[in-house]
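Note sheet for the following structure.
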Amino acid sequence: MCEQKQTVKSRFAPSPTGFMHIGNLRTALYSWLLAKSLGGDFILRIEDTDQERLVEGAVDVIIDTLKMTGLNYDEGPGVGGEAGPYVQSERKEIYRKYADQLVAQGDAYYCFCSAERLQQLHDENGLGGYDRHCRDLSADEVAERLARGESYVIRQRIPLEGVTKYYDEVFGEIEMENKEMQDQVLLKADGFPTYNFAHVVDDHLMGVTHVVRGSEYLTSTPKYALLYDAFGWQRPHYVHLPLLMGRGEDGKVSKLSKRHGAVSFQELVKNGYLPQAILNYIALLGWCPKGNNQEIFTLEELQQSFSIDAISKSPSIFDYDKLNWFNSEYIKAMSAEDFAAVALPVINETCPSYINAAKLAELLHSRVTTLAEIAAQVDFIAGRLPMEGDLYTNKKNKTTPKLCAQILADIKPVLAETPAWDNDSLFALLKDFAAETGVKSGAVMWAVRVAVARKAVTPGGATELLEVLGRDEALARIEQAIAELNA
RNA sequence: GGCACGUUGGAGAAGCGGCUUAACUCACCAGCCUCUCACGCUGGCAUUCAUGGGUUCGAAUCCCAUACGUGUCACCA
């Protein structure tokens with residue numbers, strides 16, 4: 001009989017902070033891709049062991065994000081599973097039990113040091129760790145202090161000598177001298193476990209085969225490996241991801257954070273980015289399909305071409321320019337109907353009802369990089385803008401305020417009488433008018449567009465704007481423009 | 001400061017010892033298209049892969065050193 005192959009199981013284990021950091025989302029994506037590309041399961045676990053940082057509704061944010069991005073999970077809050085509960089605060093007793101086992105084995109010990117004492121151990125830079133003050137307390141003393149009800153934590157007893165190594169699927173062999181490691185806290189004074197302990201216990205109990213997380217854990221993983229060894233558990237495959245960085249205004253690069261702009265998924269969505277565009281973009285930050293020559297991928301395509309060995313080791317900088325490009329590509333790829341469905345509500349909310357909203361949506365479709373730009377682009381339709389600067393003077397079309405006044409005065413009656421009010425007819429009409437009067441057609445278009453929009457850049461040309469505005473409003477604006485020009 | 005990891009253009013990156021006079025994408029620049037802009041199209045943009053040594057007939061690709069960068073040293077995850 002051949003050995004049965006263990007099914008792959010990966011997890012996403014965020015702490016509920018109230019928002020989904022884009023770096024965490026990418027971790028979730030890669031973790032999901034890894035499991036799914038190998039036909040495995042993906043689980044969601046909530047790491048809420050820090051009682052001081054609890055945020056209401058934060059778990060919903062995580063679940064909603066996974067739902068919106070299509071990263072469905074096979075086990076976790078809301079869907080259940082054999083290894084539940086999947087919320088760490090509900091597993092407190094489990095950790096206690098395993099911590100006790102470690103103490104009994106001599107792989108962990110009670111520490112009664114006060115916060116003040118620990119504070120003093122740190123140098124002026126906040127560096128320096130624990131001095132192992134309680135590491136060798138006698139059993140009697142421990143029992144006595146426990147009986148007295150002294151506050152304590154449980155610390156991991158790291159070997160003083162030797163080297164711990166592990167193999168990372170991305171970074172390869174990682175070695176760490178045991179003397180470099182701290183006797184980290186496993187169980188806190190409030191009885192909750194630390195991340196360092198809880199995730200190890202949970203990953204084992206939940207059957208996680210692949211631990212996918214950011215490379216900030218690269219150097220603490222030996223301690224976790226030691227924990228697996230102490231329990232006699234099989235160590236999981238480690239897959240550390242290169243960090244997502246941001247470049248600050250000072251030009252310095254550091255871990256992507258709020259100071260670099262919008263970095264949470266919901267913030268980006270609020271700013272008009274499409275979930276799939278965001279996902280596509282971050283998928284390519286730190287990973288690249290073999291021989292890549294394309295950029296746009298669906299989740300299914302990503303899943304098909306995903307492989308660990310194509311994950312890069314070097315950190316990558318989050319680039320809003322490229323995100324914008326992805327987003328505009330995704331917007332352009334939307335059907336006219338789908339785009340109208342998202343654009344129309346914005347248009348109807350800001351613009352008067354007599355305009356041709358459908359036409360406006362059509363004009364906007366190729367001109368918008370985020371959904372949030374819609375409102376900004378239609379401001380001149382929503383209401384008449386004040387005239388700013390000398391828009392009537394245009395070098396290329398050789399227009400001057402005087403010429404424009406003339407053109408507008410002449411064209412107004414023609415526009416008032418023309419039977420059809422659609423772009424094609426209007427365009428033909430203005431062309432003919434230009435030919436008849438001997439004025440450059442570009443000049444006519446320019447004069448009309450500026451009169452009607454009072455904006456240098458508009459989503460559409462003169463006749464398109466006329467169609468959107470409708471005859472009455474267009475004429476009214478032209479009349480106002482003539483009056484202003486002659487004033 | 002100790003330790004760990006990284007280093008291909010402004011950004012993401014392909015490349016895994018000869019097919020590379022370093023793909024592809026974003027950004028940028030120029031031109032075309034054109035009723036402004038956008039879209040679209042065309043072209044340009046690293047003689048060089050952090051630097052210095054080596055190994056080799058041959059190196060961005062292997063080795064070593066240096067520099068620089070980032071991460072980490074919490075009763076936070």
Can you tell me the distance, in whole Å, between the [atom1] atom of [X] and the [atom2] atom of [N]?
| X | N | atom1 | atom2 | answer |
| --- | --- | --- | --- | --- |
| A:L118 | B:A74 | CG | P | 9 Å |
| A:K396 | B:C33 | NZ | C1' | 10 Å |
| A:Y195 | B:U72 | OH | P | 12 Å |
| A:E180 | B:G1 | CD | C1' | 12 Å |
| A:K332 | B:C26 | NZ | P | 9 Å |
| A:H199 | B:C76 | NE2 | C1' | 14 Å |
| A:Y281 | B:U25 | OH | P | 16 Å |
| A:W287 | B:G15 | CH2 | P | 12 Å |

Quick one: which of [options] gets closest to the side chain of [X]?
| X | options | value |
| --- | --- | --- |
| A:K313 | B:C24, B:C76, B:G6 | B:G6 |
| A:R367 | B:A38, B:A77, B:C35 | B:A38 |
| A:T458 | B:C76, B:C26, B:U36 | B:U36 |
| A:S314 | B:C24, B:U72, B:U7 | B:U7 |
| A:V153 | B:U36, B:C75, B:U25 | B:C75 |
| A:A462 | B:C75, B:C35, B:U72 | B:C35 |
| A:M176 | B:C75, B:C26, B:C3 | B:C3 |

Among A:K179, A:E175, A:M176, exactly one meets side chain to side chain contact (heavy atoms under 4.5 Å, CB included) together with A:V163. Which residue is that?
A:E175
With a 4.0 Å cut-off on heavy atoms, is [X] in touch with a base, just the backbone sugar-phosphate, or nothing at all?
| X | value |
| --- | --- |
| A:G129 | sugar-phosphate |
| A:N24 | nothing |
| A:N324 | nothing |
| A:S328 | nothing |
| A:M181 | nothing |
| A:V253 | sugar-phosphate |
| A:K255 | sugar-phosphate |
| A:G460 | base |
| A:F318 | nothing |
| A:R247 | sugar-phosphate |
| A:Q184 | nothing |
| A:Q182 | sugar-phosphate |
| A:I174 | sugar-phosphate |

Is any side-chain heavy atom of A:D48 closer than 4.5 Å to one of A:L54?
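SC-SC contact between A:L54 and A:D48 confirmed.
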Taking atom types as they are modelled, would you say the side chain of A:Y130 forms a donor-acceptor pair with the base of B:A74 within the 3.5 Å cutoff?
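Per atom types, no contact qualifies.
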Taking pairing as Watson-Crick or G-U wobble with both contacts under 3.5 Å, can you name the mate of [N], or confirm there isn't one?
| N | value |
| --- | --- |
| B:U34 | none |
| B:A65 | B:U51 |
| B:U70 | B:A4 |
| B:U20 | none |
| B:C45 | none |

At less than 4.0 Å, is any side-chain N or O atom of [X] found next to OP1 or OP2 of [N]? Yes or no.
| X | N | answer |
| --- | --- | --- |
| A:R155 | B:C75 | yes |
| A:S316 | B:A11 | no |
| A:K188 | B:C76 | yes |

When you check the side-chain N and O atoms of A:Y281 and A:D319, is any donor under 3.5 Å from an acceptor?
no
Exercise: do A:T399 and A:N397 side chains pair donor with acceptor under 3.5 Å
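A:N397 and A:T399 do not have a side-chain donor-acceptor pair below 3.5 Å.
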In residues 162-171 of chain A, which residues come under 4.0 Å of RNA chain B by heavy atom?
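Output list: A:F171.
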With under 30° as parallel and over 60° as perpendicular, where do the rings of A:Y217 and A:Y224 fit, or are they tilted in between?
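Ring orientation, 0 to 90° scale: tilted.
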Using 30° and 60° as the class boundaries, would you call the ring planes of A:Y320 and A:F318 parallel, tilted or perpendicular?
perpendicular
Counting only heavy atoms not in A:E161, do more than 12 fall under 6.0 Å of its CD?
no
A:K359 bridged to A:D422 by N-O distance under 4.0 Å
no
Looking only at non-hydrogen atoms, find the nearest pair between A:Y238 and A:A225 and report the distance.
OH-N, 4.1 Å
Set of side chain to side chain contact (heavy atoms under 4.5 Å, CB included) partners for A:D432, sequence neighbours left out:
A:E436
